[in-house]
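In the text below, chain A, chain B and the rest are named by the order of the sequence lines, each starting its count at 1. Since the structure is predicted, the reported quantities are computational estimates derived from the model, not experimental observations.
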Amino acid sequence: MKKYQEFKQVDYPKIGEDVLAFWKNNAVFEKSISNREGAPSYTFYEGPPSANGTPGIHHVMARAIKDVFCRYKTLKGFQVKRKGGWDTHGLPVELQVEKELGITKEDIGKKISVEEYNQKCRETVMRYKHEWDNLTEQIGYWVDLDDPYITFDVKYVESLWHLLKKLYEKDLIYKGYTIQPYSPAAGTGLSSHELNQPGSYRDVKDTSITAQFKVKGEEDLYILAWTTTPWTLPSNSALAIGEKLDYVKVKTFNPYTFAPQTVLLAKARMSAYFNPKGAEADLSAYKPGDKVIPYQVVEEIKGKDLIGMKYEQLFPIDALALPEPAFTVISADYVTTEDGTGIVHLAKAFGADDFRTLVQQDVPGIFLKDEKGMEIPIVDKKGKFLPVVGEYLLSKMEEHSIQVHKTFTADDFYVKNYTHDDENDKAYKSTDVIISIILKNENKAFKVEKYEHSYPHCWRTDMPILYYPLESWFIKTTAYKDKLVAFNKTINWKPESTGTGRFGNWLENLVDWNLSRSRFWGTPLPIWRNKEGTQTRCIGSVAELEAAIEESIAKGYMKESPYKGKEVDLHRPFVDDIVLVAENGDKMFREPDLIDVWFDSGAMPYAQWHYPFENEEIFKANYPADFIAEGVDQTRGWFFTLHTLAVMLFDSVAFKNVIANGLVLDKNGNKMSKRLGNAVDPFKTLKEFGPDALRWYMLSNANPWDNLKFNKEGVVEVQRRFFGTLQNTYNFFALYANLDAFAYDAANVIPVNERPELDRWILSKLQSLIKETETAYENYDITPASRAIMNFTVDQLSNWYVRLARKRFWRGDMNADKQAAYETLYECLEVIAGLMSPVAPFYSDWLYQNLTSSLENKTLSVHLTDWKPSNEALINLSLENSMQLAQDISSLVHSLRKKERLKVRQPLQKVLIPVLNAETKGLIEHVEDLIKSEVNIKSIEYIDDTSDILVKSVKPNFALLGKRFGPKMKAVNQLIQQWGKEEIAQIEKEGQVEISIDGEAATLKLEEVLIQSQDIPGWSVATDNGITVALDVTLSTELKEEGIARDFVNRIQNFRKDMGLEVQDKIRIHIAPLNATVDKALLNFSDYIKTETQALGLTLDGDSNNSTVLDMDEFELAVKVEKV
RNA sequence: GGGCCUGUAGCUCAGGUGGUUAGAGCGCUACACUGAUAAUGUAGAGGUCCGUGGUUCGAGUCCACGCAGGCCCA
């Protein structure tokens, strides 16, 4: 009866399917969790994917990473619950629906009701759930798909509202503004994706000014700053320099007023502003109107030395006066010397960079107050200067007699041509031009010119957009910056640089989290306000909302609840219809925004359990997460929102360990895209290779945080090299174990210390492997773990252990030696199945079940076993060293044989191995037999110091001597290189030698030099790794005869195979006599030949007519083989 | 423009704290072995360690500045 199933060929995809079916039928996943009831829990959070698109090959990688550690920790005895989840809100969903319905955002609420639209979104969002579930199953990602959290679920949203209210109560939510693209012509903000529509950016010619800002307390020193939006200059409140850039003060004249002055700009930008001829011109000889304006650099200054310099306001309008530290030079990291002056003008209201920089450095911006006391920019929402500025400009136009195409009032200064004035009118002057002329006249402009650049336009009106402050709701994350940074330092990031760099730097430069999105499908902001914005209420639960509705109905603001007679839905439009009562009795309306969809996913630790309304115990037991993993692109997405909510609301991290994996690119390193057709279909790939090789390839090829250049060839290689070898090894075991009716019985194994050396060696290696793998998994390093398993399997187990132990398996009957071999190989295979199971869950389980199928009390699946810790007592490093020497020496002998053209079948008398110390000699002696049989040599002789034939060489031990001698190392090296026999002998004998370096005496110790044997004159020698081997190539008669005999065995074996004989079939051999040498050789070794070939008889009574002719290279032999 | 990652053989990747012959697998070529056989072994060819400077007795490794590719953010 065959106890171990044998396989002619393996179908890896089929193994995947079979094992998957087995898991399903036996509820193995469920058991892997229920088995650990009461055990410590290891918490994993699933970052929710969005199922409105099909999964790609990169999802295989991301999901495999998650799976590996959940499986590993289960083996280690933890209970690992993993709840699946779906991300269902957000812009991508809406865009897809818009596209399918053929509508734009404008049409929502007009051509289609918000209710219908959102219904459509809800239907779309799970469209590909089936494919996702399929992929998840097929790649063996164990996650609970039956009870996932879904972010549009009313319970989920209710938890979000609860968290928002908590933030609100902590005074961490406020209404403010950010600088966003805004179209005054259309009267609406534009999203970044609207701005990225083709055709939005257009090349336009604008008036650009290099303005002069007069430095306070200096006679005639001006800072130069360049802008393509002169209309923002009245809003200037600071100038920014680059700290590392070089600046110069240049003495020259103003080209418009001809006044003598000194200007400040970046050194690298001088060529853009000065005619080189001016450098040679005489400053004192300058006359107003001269074409060449002389200049002279009077001082060079580092950017950082300019910080804090004060200057006068460019447009000194009384209403726009600002306190300190306005009108100061500050630094900003984005300042360059690519264009302009290397000094950037900052207007807080009209540039996102400007805004951020000024907020971070606490510099006020130019704003006015409206009737409600709210700050407003000096350009209104129509794109027109407020009258305060208009009056100033009007008076300056009069003062400087500026002639224009129409009569201006103070309320006419549009910053772009939104009034469609005729630009071809000769007298047409834009506001930018008017500002330029004023500045020119007032010695405040250094250069004015038309400048062509790319500028964004509104796709609806074709008019230029402005960057403009728009109202938004914010979470005051900056208030918790220090805590966010401190908690981040306790998180174990893989790779570390993503935590300290990408994420850490982002936290250091934190701005408040802009929560508002003006869209339709998402979690509504649960904030109601009265018209004046003086009364605000934040709703934190469904119950609270319903009570508030009742209140409102009682007050007569609402007729009835929108949820009357149906389920509560917290989405738009239902919540929009709810009017609440303020404390002062005012009507309150919901703020129309949705919240950022990242809040949804960042709140999943709480909302997935409907915390705090339900499941408080489960939540607490599973918080924070021990482990999460997502792509590095989530750094500012999910990783950030998880972290922020945890720190701000729960004074905790949300996750302790995180892997941020890289991208999956195509094999040429290009981004995969469906459009380019280079995307790899995960389902096809799975069909071709099965799940295990795919997972193994993706995780072992390179660290997961490096981008993976996905190449099918790589999967093929992994499959062939690792899985193929492992499969071969198993098949080898199964074949012979079945022949010998061997069955592993853990209760009756031969104790390891009674097993042969080779067995103890591979078991020692195996324990080392367990240790190595465990350490790697514990450090969240999959790649080193999988590589170690692969190398052990291929190099140590298959190519060395099995190769050397082969004969033990097929020679003779069952005995202790044979049993030890079976047991050892079995134990190795079983351990490998366990070690590899997190990465290759299907194949490992299949292997495990094949191995254990005959056991009485077997465990159902490898995934339900316990991690078998490394048994330190079995680790024998000196044995491992010995074996390493055996491998090295064998390799050297092989290379010598190759050089001498002596095939391994030809036995040779001896090798000489020089050994310089007793320890090495002992190590080699240990494995002498092994080496002899491996390379077919009769004896090994050692040459030690007492023999004269050894030639040694010496070189310094640089690591030791370098530290000691430092700069004198060159001389020491030279000296040592010149040593001959005597010096080497002396240091070996006395352990030290006196030397003299640059006249100074010093003592060199033996360990400070490296002595190697180099050559044995007159022998064929090979050296590697400090080991030298010499081969005796003389062939005695007996050796020749043995060579012939072994050759003969080889031919007979091949012949047997050709005859189709089974391993156990017996034969008789009849040879036609050839000549004395050959006949004698065959007779002398007839016993050997008979044993090897399973021959009962070997006789020289063949008949050349009735035989097969064997080609023996140097001669031919007529032989007849008959089956007995 | 900023932050971070990557750059070592034709390809995919290793190369703690700097130490003098830079490694592995695949691929290629040749040879061998052969009761694991659609397996295996050995050898050979193949390197400006992205570049330029610097620190050092000594740099693939440390520092600076670049170049190329990628991601995120502007």
Side-chain angles (χ1 to χ4, degrees), chain A residues 8-9 192 242 332-336 338 351-353 356 495 497-506 508-509 631-637 660 662-663 665 667 669-671 697 700-703 705-709 711 713-714 716-718 720-722 724-725 727-736 783-784 787 790-791 794-795 798-800 802-803 806-807 809-811 890-899 901-905 934 936 955-963 965-973 1022 1024 1049-1050 1053-1054 1056-1057 1061-1064 1092-1094:
Chain A
K8 281 258 149 46
Q9 52 196 16
S192 58
D333 53 16
Y334 54 84
V335 178
T336 69
E338 299 222 327
D353 272 338
R356 184 170 46 85
S497 60
T498 298
T500 54
R502 194 183 271 238
F503 195 63
N505 289 340
W506 156 256
E508 294 287 351
N509 294 302
V632 68
D633 50 338
Q634 298 287 319
T635 309
R636 279 152 174 159
L663 264 69
L665 309 168
K667 66 178 176 185
N670 299 314
K671 211 172 165 168
Y697 163 69
S700 70
N701 184 66
N703 281 316
W705 39 87
D706 290 334
N707 289 345
L708 174 68
K709 285 187 231 168
N711 190 347
E713 300 301 313
V716 173
E717 188 185 323
V718 160
R720 218 167 44 80
R721 187 168 137 74
F722 175 55
T725 306
Q727 177 59 28
N728 259 322
T729 308
Y730 166 75
N731 252 351
F732 174 84
F733 167 81
L735 177 70
Y736 289 102
T783 309
R787 284 180 181 170
M790 182 156 65
N791 290 338
V794 175
D795 296 338
S798 171
N799 293 351
W800 194 249
V802 172
R803 194 154 61 82
R806 232 174 347 201
K807 290 194 173 170
F809 290 90
W810 53 263
R811 194 175 264 167
S890 300
S891 156
L892 287 171
V893 174
H894 278 303
S895 84
L896 283 172
R897 277 182 169 277
K898 149 108 179 151
K899 200 157 76 184
R901 303 190 146 274
L902 288 164
K903 47 191 171 186
V904 179
R905 262 199 303 265
E934 174 67 11
N936 202 8
K955 67 177 182 185
N957 184 337
F958 279 94
L960 289 178
L961 287 179
K963 282 202 182 77
F965 286 101
K968 292 178 188 159
M969 206 44 223
K970 264 188 184 148
V972 175
N973 187 27
D1024 191 33
V1049 168
N1050 166 250
Q1053 300 289 31
N1054 287 335
R1056 280 183 59 119
K1057 226 193 292 177
L1061 296 185
E1062 292 294 318
V1063 175
Q1064 60 276 15
E1092 291 291 324
T1093 61
Q1094 308 262 33

Of all residues at least two apart in sequence or in a different chain, which pass the salt bridge (Lys or Arg N to Asp or Glu O under 4.0 Å) check with A/Arg803?
A/Glu934
What integer number of Å spans the P atoms of B/rU17 and B/rG60?
14 Å
Between B/rC13 and B/rU8, how far apart are the P atoms? Round to whole Å, please.
9 Å
Indicate the atoms forming the closest heavy-atom contact of A/Leu708 with A/Asn701, along with that distance.
CD1-ND2, 3.4 Å
Who does B/rC4 pair with, Watson-Crick or G-U, both distances under 3.5 Å?
B/rG70
If you check every side-chain atom of A/Phe732, which of B/rC5, B/rA36, B/rG19 has the closest atom?
B/rA36
Using atom C1' in both nucleotides, what's the gap between B/rC50 and B/rG70 to the nearest angstrom?
16 Å
Tell me whether the OP1 or OP2 atom of B/rU12 has a side-chain N or O from A/Lys709 closer than 4.0 Å.
yes
Could you let me know what B/rC65 is paired to, Watson-Crick or G-U wobble, both distances under 3.5 Å, or none if it's on its own?
B/rG51
B/rG3 C1' sits how many Å from A/Glu508 CD, rounded?
12 Å
From CE of A/Met790 across to P of B/rA14 the rounded distance in Å is 12 Å
Whether the side chain of A/Asn505 engages the backbone of A/Gly501 through a donor-acceptor N/O pair (distance < 3.5 Å, no angle test) should be reported.
yes
Remember a base hit wins even if backbone is also touched, and classify A/Val802 as base, sugar-phosphate or nothing at under 4.0 Å, heavy atoms.
base
For A/Ser497 and A/Asn957, take the nucleotide of RNA chain B holding the closest heavy atom to each; which residue's nucleotide lies nearer the 5' end?
A/Ser497
Interatomic distance, A/Gln727 CD vs B/rU40 C1' [rounded to whole Å]:
17 Å
Can you tell me, in whole Å, how much space there is between the P of B/rC72 and that of B/rG51?
29 Å
Tell me if a side-chain donor or acceptor on A/Asn936 pairs with a main-chain N or O of A/Arg905 at a distance below 3.5 Å.
yes
For B/rC13, take OP1 and OP2 only and decide whether either is under 4.0 Å from a side-chain N or O of A/Asn701.
yes
Which heavy atom in A/Lys709 sits nearest to a heavy atom in A/Tyr697, and how many Å separate them?
O-OH, 3.2 Å
Say we look at B/rG46 and B/rA32: how far apart would their C1' atoms be, to the nearest angstrom?
23 Å
When every nucleotide of nucleotides 23-29 of chain B is labelled 5' to 3' by its protein contacts under 4.0 Å (heavy atoms), B for base, S for sugar-phosphate only, - for none, what sequence of letters results?
--SSS--
Whole angstrom is fine here: how far is it from CG in A/Asn731 over to P in B/rU40?
14 Å
Rounded to the nearest angstrom, tell me the gap between atom CZ in A/Arg356 and atom P in B/rG2.
13 Å
Please determine, for the side chain of A/Asn728, which listed nucleotide (B/rC5, B/rA39, B/rC13) has the closest atom?
B/rA39
Going 5' to 3' through nucleotides 55-73 of chain B, assign each nucleotide B (protein heavy atom under 4.0 Å from a base atom), S (under 4.0 Å only from sugar-phosphate atoms) or - (no protein heavy atom that close).
--B------------BBBS
Ignoring hydrogens and angles, are the base of B/rA36 and the side chain of A/Ser798 linked by a donor-acceptor pair under 3.5 Å?
yes
Quick check: on RNA chain B, is the nucleotide nearest A/Thr1093 upstream (toward 5') of the one nearest A/Gly501, or the reverse? Name the residue that is more 5'.
A/Gly501
What integer number of Å spans the C1' atoms of B/rG25 and B/rA14?
10 Å
Heavy-atom closest pair (A/Asn973 atom, A/Pro956 atom, distance to 0.1 Å) is OD1-CG, 3.2 Å
Just by distance, do the side chain of A/Asn711 and the backbone of A/Glu713 share a donor-acceptor pair under 3.5 Å?
yes
When the C1' atoms of B/rU34 and B/rC49 are compared, how many Å lie between them, rounded to an integer?
40 Å
Select base, sugar-phosphate, or nothing to describe what A/Thr500 touches, counting heavy atoms under 4.0 Å on all strands.
nothing
Tell me, please, which residues at least two apart from A/Lys968 pass salt bridge (Lys or Arg N to Asp or Glu O under 4.0 Å).
A/Glu1000
I'd like a list of close polar pairs between nucleotides 31-34 of chain B and the protein, N/O only, cut-off under 3.5 Å.
residue, atom, partner, partner atom, Å
B/rC33, OP1, A/Arg905, NH2, 3.3
B/rU34, OP2, A/Arg905, NH1, 2.1
B/rU34, OP2, A/Asn1050, ND2, 3.3

Quick one: A/Arg787 CZ to B/rC13 P, roughly how many Å, whole number?
9 Å
As an exercise, state the distance from CG of A/Asn728 to CG of A/Leu735, rounded to the nearest 0.5 Å.
11.0 Å
Any strand is fair game: report the nucleotide pairing with B/rA39 by Watson-Crick or G-U wobble, both distances under 3.5 Å, or none.
none
Heavy-atom nearest pair, A/Asn791 first then A/Arg721, reads OD1-NH2, 3.7 Å
Could you identify the nucleotide paired to B/rG44, looking across every strand shown and requiring Watson-Crick or G-U wobble geometry with both distances under 3.5 Å?
B/rC28
Name the orientation class of the two ring planes belonging to A/Phe809 and A/Phe732 (parallel below 30°, tilted from 30 to 60°, perpendicular beyond 60°).
perpendicular
Roughly how many Å apart are B/rA24 and B/rG18, using the C1' atom of each and rounding to a whole number?
23 Å
How close do A/Val632 and A/Ala660 get, counting heavy atoms only, and between which atoms?
CA-CB, 4.0 Å
Quick check for you: to the nearest 0.5 Å, what is the distance between A/Asn703 atom CG and A/Thr783 atom OG1?
4.0 Å
Write down the distance between NZ (A/Lys807) and P (B/rU40), rounded to a whole number of angstrom.
20 Å
Which base, if any, makes a Watson-Crick or G-U wobble pair with B/rU21, both distances under 3.5 Å?
none
Euclidean distance, atom CG of residue A/Asp706 to atom P of B/rC4 [Å, nearest integer]
17 Å
According to salt bridge (Lys or Arg N to Asp or Glu O under 4.0 Å), who are the partners of A/Arg787, at least two apart in sequence or on a separate chain?
none
A/Asn703 has a side chain; which of B/rG41, B/rC4, B/rA14 sits nearest to it?
B/rA14
